[in-house]
Amino acid sequence: MRKLFPDYILIFLKGIAMGAADVVPGVSGGTIAFISGIYQELINSINRINLDVFKNLKKNELKATWASINGNFLLALVCGIGVSVLTFSKIIMHLLETQPILVWSFFFGLVLASIVFIWKEITHWTPKSIISLLIGILLSYYITIAEPAHSPDSYWFLFLSGFIAIIAMILPGVSGAFILLLMGSYQTVIGTINQLREGITQMNFEILGDALLKLGTIALGALLGLKLFSRLLTWMFTHHKNTTLALLIGFMIGSLNKIWPWKEILKTRVNSHGETVPFLEKSILPTDFSGEPKIFLAVIMLLIGFFLIFGLEKFATRLGKN
């Protein structure tokens, strides 16, 4: 039986890590969930939430109903994700603006180690698994080189963005934030989160109301996408685990192109603050980089990210034995 400390505190911290990953285009919160050992529990818990739960709420006590959906686990995780998105999004975006090579190198190491970690989970390879791996690589790589759309902010499009992005967010190797960028909604979503923070700190109910309406629309789409896709993922893991894992590894391998630290800017865009930022980039060799490549520091950050994953794995294994 889980206790508040350290079990749910640890789940809360994993939620913080997932939230931090989800706000960065190219990094997947699903990857963090997988390597930290809570991925399947997350999918199974989401899948337990259905209409029958609410129907049985009248028959059962609230405590029993809450336990049936693994409510404590979901609450701790969602609180961690929420705190992370609201507090760390600005820090991460600031680091990406000031130290992009070092940050992307760290994320590159995280994903490389995640590939190795999940690869070990596959018990045997079949032609179907290999085909799934190749499909995942090609699809994910294509997403990284596709040109993002312009930013629409209509409510129906925000609903659709939430629906599609949440599916990407719970898939290891696929970045929900990058999907939002491809759809043209990333700027709107991040701006709305900052608007919510501004409305709360300034107690401006007009700003707060507008932000809540937009985020509510996104959340409705996300909840629908999460519920529909979690059922599919549960079925895939139950009946075709090796094939599913191979597909996820393919997604991760393909996504490495997006988080390669050294880029050449092909196109720019103007963000919500009127600043010119990269819009379309391509990966290049460090020797072809126009600025200071920081190769030594980049390798250090990559190794830190790589071994951090195996540190988390050992820590999670040790906790499981206690």
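Just so you know, residue 1 is the first one in the sequence shown, and it goes up from there. As the structure is a prediction and not an experimental result, all values here were calculated from the model. Only heavy atoms go into these numbers, but all of them, side chains included; no hydrogens, no water, no symmetry mates.
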Q: Can you establish whether the number of heavy atoms outside K227 located under 6.0 Å from its atom NZ is more than 12?
A: yes
Q. Are any of the side-chain heavy atoms of M18 and L42 separated by less than 4.5 Å?
A. yes
Q. Given side chains that start at C-beta, do those of V83 and F12 come closer than 4.5 Å, heavy atoms only?
A. yes
Q: Say whether I207 and Y155 are linked into one hydrophobic cluster, either directly or through other cluster members, by side-chain heavy-atom distances under 4.5 angstrom.
A: no
Q) What's the spacing between L212 CG and Q195 CD if we round to 0.5 Å? A) 9.0 Å
Q: Report whether M236 and W119 are members of the same hydrophobic cluster (ILVMFWY, side-chain heavy atoms less than 4.5 Å apart, transitive linking).
A: yes
Q | Close side-chain approach of F205 to L208, heavy-atom, < 4.5 Å | A | yes
**Q.** Passing candidate, side-chain contact (heavy atoms from CB on, under 4.5 Å) with S45, options L74, I38, I69
**A.** L74
Q. Between I118 and I131, is there a shared hydrophobic cluster once you connect ILVMFWY residues whose side-chain heavy atoms come closer than 4.5 Å?
A. yes
Q: For W262 and I101, indicate whether the former's side chain and the latter's backbone hold a donor-acceptor pair under 3.5 Å.
A: no
Q: Over 60° means perpendicular and under 30° means parallel, so classify the ring planes of W260 and F108, tilted if in between.
A: perpendicular
Q | From CA spacing to verdict: side chain to side chain donor-acceptor pair (under 3.5 Å), W66, N72 | A | CA-CA 8 Å; W66 183 255; N72 289 338; 2.7 Å; yes
Q. Taking C-beta and beyond as the side chain, do E281 and L266 meet within less than 4.5 Å on heavy atoms?
A. no
Q. Got a second to check how far L223's CG is from I166's CD1, nearest 0.5 Å?
A. 8.0 Å
Q | Worked check of side chain to side chain contact (heavy atoms under 4.5 Å, CB included) between K294 and Q99 | A | CA-CA 10 Å; K294 302 180 181 178; Q99 299 292 339; 3.0 Å; yes
Q. More than 12 heavy atoms of other residues, nucleotides or ligands under 6.0 Å from CD of Q202: is that the case?
A. yes
Q. Hey, what do you get for OG1 (T244) to CD (E121), rounding to the nearest 0.5 Å?
A. 13.0 Å
**Q.** Closest non-hydrogen atom pair between G250 and S140, with its separation
**A.** O-CB, 4.2 Å
Q) Could you state the interatomic distance from CH2 (W235) to CG (N47), rounded to the nearest 0.5 Å? A) 13.5 Å
Q | Heavy-atom closest contact (Y8 atom, A76 atom, distance) | A | O-CB, 3.9 Å
**Q.** Reported CG-to-CG distance for the pair L220 and L158, which is rounded to 0.5 angstrom
**A.** 11.5 Å
Q) After noting the C-alpha distance and the side-chain angles of D288 and E264, does the key distance pass the side chain to side chain contact (heavy atoms under 4.5 Å, CB included) rule? A) CA-CA 9 Å; D288 296 329; E264 178 185 345; over 6 Å; no
**Q.** Pair T123, N242: side-chain N/O donor-acceptor within cut-off below 3.5 Å
**A.** yes
Q.
I'd like to know whether F296 forms a side chain to side chain contact (heavy atoms under 4.5 Å, CB included) with I300, so could you lay out the CA-CA distance, the side-chain angles of the two residues, the decisive distance to 0.1 Å, and finally the verdict.
A. CA-CA 6 Å; F296 178 75; I300 296 296; 4.1 Å; yes
Q. Where do I11 and L77 come nearest, in terms of heavy atoms and distance?
A. O-CD1, 3.7 Å
(Q) Side-chain heavy atoms nearer than 4.5 Å, only ILVMFWY residues, links allowed to pass through others: does that put I130 and F251 together? (A) yes
Q. Is the closest side-chain heavy-atom distance between Y141 and L256 below 4.5 Å?
A. no
Q. Side chains of S129 and T126: is there a donor and an acceptor less than 3.5 Å apart?
A. yes
Q: With rounding to the nearest 0.5 Å, note down the distance linking CG in L232 to CD1 in I43.
A: 10.0 Å
(Q) Less than 4.5 Å apart, side chain to side chain, heavy atoms only: is that true for L247 and L133? (A) no
**Q.** Any donor-acceptor N/O pair, S84 side chain to G80 backbone, under 3.5 Å
**A.** no
Q: Could you tell me whether the side chain of I218 reaches within less than 4.5 Å of the side chain of F159, counting heavy atoms only?
A: no
Q: Check the pair V111, I259 against side chain to side chain contact (heavy atoms under 4.5 Å, CB included), reporting the backbone distance first and the verdict last.
A: CA-CA 9 Å; V111 176; I259 55 177; 3.4 Å; yes
Q | 4.5 Å side-chain heavy-atom contact, L302 and F106 | A | no
**Q.** L285 reachable from W104 in the ILVMFWY side-chain graph, under 4.5 Å edges
**A.** no
